[in-house]
Amino acid sequence: MDLQLTVAHAVTPAGVVDNATIEVRDGRILSVAAGPPVPGPALWAVPGFVDTHCHGAVGVSFGDPDPERNRRAVVFHRSQGTTTLFASTVTEPLERLEAQLGVLSALVESGDLDGIHLEGPFLAPERKGAHDQTLLREPDPDSVERLLRAGGPALKMITLAVELPHAEAATRRFTEAGVAVAFGHSDADDRRTAASIGWGARVATHLFSAMRPIHHRDPGPVPVLLTDERVMVELICDGVHHHPVVAEMAIAAATPARVALVTDAMSATGHGDGRYILGDLEVEVSAGTARLVTADGEPGAIAGSTLTMAGAFEFVVRQVGVSIPDAALMAATTPAAWHGLDEVGELVPGRFADICLVDDAGRLHGVLRRGQWVRRPALHS
C-alpha cells in the first residue's frame with residue numbers, strides 16, 4: 001500500500017525538515033521533502049522506536065512456550081511506538097534458556113521480533129537485582145557454546161558481569177559470534193570495566209542500576225562507561241530507576257549518539273498493578289513500580305519496569321528537557337546503528353517506513369510500521 005504522510009516536522013539525519021511530505025511505497029520510505037504549510041495538528045515524524053531491552057507485556061514474559069502469547073506482548077509494544085523489538089530473558093537454568101531461545105528464534109525468523117537479549121545467567125551475585133541467585137553461573141566455555149547454538153543468528157546481545165571467571169574469554173567468543181556483550185549486573189571496578197571494553201564489551205545494561213555507584217574516591221564503572229566512545233549506555237527513563245537530573249547528566253556526558261532509551265518492561269506492562277512472576281521470582285507491582293516480594297514484607301529490588309517507549313520518549317522531552325530530534329536519536333537511531341539494524345532507525349529513502357508521530361511535548365499520536373498503520377492518529381489521514 002502506498003502512502004503520503006504530511007507533518008509539521010520530520011527528523012532526518014540531515015536535519016529537521018519543516019512542512020514535510022513523506023512518500024511511502026511497498027513499506028519503505030520513498031522520499032522526505034519540504035512542501036507547503038501543513039494544516040491540522042503540529043506533529044513531528046520521528047523514526048519508529050527501537051527497544052533492545054524488553055521482557056514482555058500484557059501478562060506475558062518473553063520466552064513463554066506459546067508463540068501466540070509472545071505475539072500479544074509484541075503487538076502491545078508496537079501500539080506504543082516500538083516498531084523494532086528485542087525480546088529479553090531473565091536468569092534461568094540453561095535447559096530452560098535453550099527452550100526459550102528456540103521459541104524466540106522462531107519469532108525472529110517470522111519477523112515478529114528483531115532479536116534476542118539474554119540478561120543472565122552470567123551475573124554477579126552482589127549485583128543480581130531481580131534475578132534468582134541460585135541460578136547464577138560462570139560463563140564457562142560449555143555454557144557459552146550452548147547458548148550460542150540455541151540462539152543462532154537471532155541472539156543479538158547478552159548481559160555479562162565482567163569480573164566473573166572466564167569473562168574475558170566469553171566476551172571475546174560472544175563478540176566473535178556477532179553477539180553484543182553488555183556490561184551489567186556487575187560489581188566490577190573502573191579498571192576491570194575499562195579492560196572489558198578492550199575485550200569487546202560495547203553496551204552498558206541499564207546504566208546506574210545493578211552496578212557500583214559513583215564515588216569521588218572509588219569511581220566504579222559509570223564514569224568509564226559514560227566517557228568511552230566505544231560504549232552505548234542504556235537508560236530506563238521512567239522516573240523510578242533514576243532522577244531526571246541524573247538522566248540529564250548521563251545524556252550530556254555520553255551525548256545522544258551513545259545513549260539508548262530502553263524499557264526493561266516486564267509482564268505487568270499494559271496490565272496493571274498486582275502480583276506477577278519474573279522467572280521464578282514473585283514481583284509486586286504497585287503504582288506502576290515493580291519490586292521483588294521479600295520474605296519479611298519489605299520492598300525488594302526493582303524488578304524491571306512497566307515503561308513503554310512512548311512513555312520514555314515523553315519523559316525525556318518533558319522531564320529531562322531533551323529536544324525532539326535528540327530524543328529520536330536515543331529512541332531509535334542510536335540503538336539501531338549500534339546493533340547494526342541498517343533498515344530502521346532513520347527517516348531516509350530505502351529504509352522501512354517505521355514512523356512515530358509525536359507532538360511538541362513528546363506525546364505519541366500515531367505509529368506506522370512497514371508502511372501500515374499500527375496506531376492511526378486522530379485528525380490525520
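By convention here, the first residue in the shown sequence is residue 1. Below, all heavy atoms of this structure are taken into account, side chains as well, without hydrogens, waters or symmetry copies.
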Applying the 4.5 Å side-chain criterion to the ILVMFWY set and letting contacts propagate, would [X] and [Y] be lumped into a single cluster?
X	Y	value
Met330	Val367	yes
Val203	Trp199	no
Leu104	Leu97	yes

From CA spacing to verdict: salt bridge (charged side-chain N to carboxylate O under 4.0 Å, His left out), Arg369, Asp354: CA-CA 4 Å; Arg369 184 177 186 274; Asp354 292 355; 5.1 Å; no
Spatial distance of atom CG (Leu147) from atom CZ (Phe174) [nearest 0.5 Å]: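 Leu147 CG to Phe174 CZ: 5.5 Å, rounded to 0.5 Å.
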Side-chain touch [X]/[Y], heavy atoms, less than 4.5 angstrom:
X	Y	answer
Trp338	Arg258	yes
Asp51	Cys54	yes
Ile324	Asp360	no

His53 and His206 aromatic centres sub-6.0 Å: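 Centroid distance His53-His206: below 6.0 Å, so yes.
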Glu176 bridged to Arg172 by N-O distance under 4.0 Å: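 No, no charged N to carboxylate O under 4.0 Å.
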Charged N-O contact under 4.0 Å between Arg202 and Glu229: no
Ser186 and its side-chain contact (heavy atoms from CB on, under 4.5 Å) partner, picked from Arg127, Glu163, Arg192, Glu126: Glu163
Salt bridge (charged side-chain N to carboxylate O under 4.0 Å, His left out) assessment of Glu343 paired with Arg351: CA-CA 5 Å; Glu343 292 198 296; Arg351 299 278 179 117; over 6 Å; no
Remaining members of the apolar cluster that contains Leu307, side-chain heavy atoms under 4.5 Å: Ile236, Val262
Under 3.5 Å side-chain donor-acceptor pair for Ser305 and Asp264: no
Residues in ring-ring contact (aromatic ring centres under 6.0 Å, His included) contact with His339, at least two apart in sequence or another chain: Phe86
Residue pairs involving residues 9-51 (criterion ring-ring contact (aromatic ring centres under 6.0 Å, His included); sequence neighbours excluded): His9-Trp44, Phe49-Phe313
Donor-acceptor under 3.5 Å (Ser105 side chain, Leu101 main chain):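 Present.
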Exam field: side chain Arg25 to backbone Leu30, donor-acceptor pair closer than 3.5 Å: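 No: the side chain of Arg25 does not pair with the backbone of Leu30.
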Salt bridge (charged side-chain N to carboxylate O under 4.0 Å, His left out) assessment of Arg230 paired with Asp228: CA-CA 5 Å; Arg230 294 170 290 180; Asp228 195 306; 2.9 Å; yes
Nearest heavy-atom neighbours spanning Asp189 and Arg212: CB-NH1, 3.8 Å
Candidate pair Glu98 and Arg149, rule salt bridge (charged side-chain N to carboxylate O under 4.0 Å, His left out), full reasoning: CA-CA 9 Å; Glu98 288 171 318; Arg149 284 195 298 270; 5.6 Å; no
